[in-house]
Amino acid sequence: METQIKSNITQQVKEKLPTWQVKNDSLYKEFTFKNFVEAFSFMTAVALEAEKMDHHPDWSNGYNKVTISLSTHSAGGITDKDFNLAGKIEKIYEKLTGQ
Ligand code: H2B
């Protein structure tokens, strides 16, 4: 699956990534941590995974918050690559925070 129609994407996000939203043709989520060190540890782990996948997040950090936006730039929207990276990010978040 390379590109998908939008209503289908929204449905898939509800099923597979219930804590994520679709925003500006991207998968979007804001993560909260206990402090900056925990947030930055999360970003480091995600960065290494993203590099391995050759698929990179658009993100920002402010103290204990990290907002992540995932889209496939070359496809101009959400693809399987974004779902896969979001799944990996969820696992990293769970492992790091126990949430
Ligand atoms: N990340 C994302 N999110 N979208 C892309 O289209 C993309 C990427 N392309 N990471 C990759 C890198 C491409 O630029 C390199 C050359 O593989």
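Order of listing sets the numbers, starting from 1, for every ligand and every atom in it.
The residues E94 and K91 are annotated as not salt-bridged, no charged nitrogen and carboxylate oxygen being separated by less than 4.0 angstrom.
For atom 9 (N) of ligand 1, the closest non-hydrogen atom of the protein is D54 O, 4.6 Å. In this structure, the protein non-hydrogen atom closest to atom 5 (C) of ligand 1 is H73 N, 3.6 Å.
For the residue pair T19/K29, the side-chain donor-acceptor check at 3.5 Å is satisfied. In this model, a donor atom of one side chain and an acceptor atom of the other lie less than 3.5 Å apart for T72 and D82.
Within the 4.0 Å heavy-atom criterion, the part of S71 lying near ligand 1 is the backbone and not the side chain.
When the shell of 6.0 Å around CG of N35 is examined, it contains more than 12 heavy atoms from other residues, nucleotides or ligands.
Where the criterion is an N or O separation shorter than 3.5 Å, residue side chain and backbone included, S74 meets it with respect to ligand 1.
Within the cation-pi definition used here (under 6.0 Å to the ring centroid, within 45° of the axis), K65 does not qualify as a partner of F33.
Ligand 1 places these atoms under 4.0 Å from at least one heavy atom of T72: 4 (N), 6 (O).
With distances taken over non-hydrogen atoms, the option nearest atom 1 (N) of ligand 1 out of K81, E51, H56 is H56.
Per-atom contact check: atom 15 (C) of ligand 1 touches the protein, criterion being a heavy-atom distance below 4.0 Å.
Across all non-hydrogen atoms, the minimal contact from I78 to D25 is CG1-O, 3.4 Å.
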